[in-house]
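We count ligands from 1, going down the list as the structure has it; atoms in each ligand are counted the same way. Residue indices begin at 1 and follow the sequence shown.
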Amino acid sequence: MQDDSMVPGLHPLLAARWSPTTFDPTFDLDTAHAELLVEAARWAPSAGNSQPWAFVMGRRGDDTHQRLVRHLAASSRRWAPSASVLVANLAHRFVDGTDWEYSEFAHYDLGQAVAHMTVQAQALGLFARQFRAFDRDALAAEFGVPTHWEVTTMSAFGRVPPTADTSARERRAVGELLWKGP
Ligand SMILES: Cc1cc2nc3c(=O)[nH]c(=O)nc-3n(C[C@H](O)[C@H](O)[C@H](O)COP(=O)(O)O)c2cc1C
């Protein structure tokens, strides 16, 4: 493992990205910027341009945000509610009323769309933390998500206070990522 985040030449939007668990609870994201996050996801590539994603977005203080917060696990409840925006990330898994896959790449494509959102967030001076620590089934029921869609993850977006802990990020070395065969 090594802290690669300062590698020369790595784009600053990628090098500076990290996933906070401390957000500024006084910072409100305006509507135009919240919509830009969705716009970034919209322009992500997907298999056959299937765009197998949808998002439930709540801004702190609104009704959707309150309904999302209700289903956080104890661990994420400690930090996620103070983010400016919470988003539930939904994958289009099946064709309605069947067990046929809508796209075998639905999760892959959703992940890529969320990655686009995180980079757009970074460009807006925001940070994001994706997370699994919430009740997926309860959240699906809360928002009437049908069974051919899957509530997959959530993302929290917001500003980070200057005092936030930016401890070193660890990664496997590049040499380990390049497949050399079995
Ligand atoms: C699919 C996914 C699920 C995650 N689930 C959680 C989670 O439940 N709780 C949490 O605190 N962080 C969660 N994370 C954040 C990761 O722990 C974090 O991205 C990782 O440690 C790398 O740190 P970095 O993003 O700061 O580089 C999740 C990230 C992803 C992509």
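With contacts defined as side-chain heavy-atom distances shorter than 4.5 Å, the pair Asp96/Pro146 does not qualify. Looking only at side-chain heavy atoms (C-beta outward), Arg60 and Val85 stay at 4.5 Å or farther from each other.
Contact annotation for atom 6 (C) of ligand 1: protein present (non-hydrogen atoms, distance under 4.0 Å). For atom 10 (C) of ligand 1, the protein comes within 4.0 Å by at least one heavy atom. The nearest protein heavy atom to atom 21 (O) of ligand 1 is not closer than 4.0 Å.
By the rule that hydrophobic residues join a cluster once side-chain heavy atoms approach within less than 4.5 Å of another member, Val38 and Trp53 end up as members of one cluster.
Hydrophobic side-chain contacts under 4.5 Å tie Val69 into a cluster, directly or through other members, with Phe23, Val56, Leu68, Leu72, Trp79, Leu86, Leu90, Phe131, Phe134, Leu139, Phe143, Val145, Trp149, Val151, Met154. Hydrophobic side-chain contacts under 4.5 Å tie Trp179 to no other Ile, Leu, Val, Met, Phe, Trp or Tyr residue.
For atom 18 (C) of ligand 1, the closest non-hydrogen atom on the protein side is Ser19 OG, 4.1 Å. Atom 29 (C) of ligand 1 has its closest protein heavy atom at Gln130 O, 3.5 Å. Protein heavy atom closest to atom 17 (O) of ligand 1, with residue, atom name and distance, is Arg129 NH2, 3.5 Å.
Each of the atoms 22 (C), 24 (P), 27 (O) of ligand 1 lies under 4.0 Å from some heavy atom of Arg171. When each atom of ligand 1 is checked for a heavy atom of Trp18 under 4.0 Å away, the hits are 26 (O). Applying the 4.0 Å criterion to heavy atoms of Arg17 picks out, from ligand 1, the atoms 24 (P), 25 (O), 27 (O). Atoms of ligand 1 found under 4.0 Å from any heavy atom of Ala133 (numbered from 1 in listed order, with element): 8 (O).
Side-chain contact annotation: Ser155 with Asn89, donor-acceptor N/O pair under 3.5 Å present. Donor-acceptor pairing under 3.5 Å is recorded for the side chains of Glu150 and His107.
Closest to atom 1 (C) of ligand 1 by heavy atom, among Val114, Leu72, Thr153, Thr21, is Thr153.
When all heavy atoms of Pro52 and Ala106 are compared, the closest pair comes out as CG-CA, 3.8 Å.
Taking distance alone, with nitrogen or oxygen atoms compared against 3.5 Å, Trp79 stays at or beyond that limit from ligand 1.
When non-hydrogen atoms are compared, ligand 1 lies under 4.0 Å from the side chain of Arg169 (C-beta onward) but not from its backbone.
Test Leu37, Leu124, Leu36 against Leu29 for side chain to side chain contact (heavy atoms under 4.5 Å, CB included) and you get one pass: Leu37.
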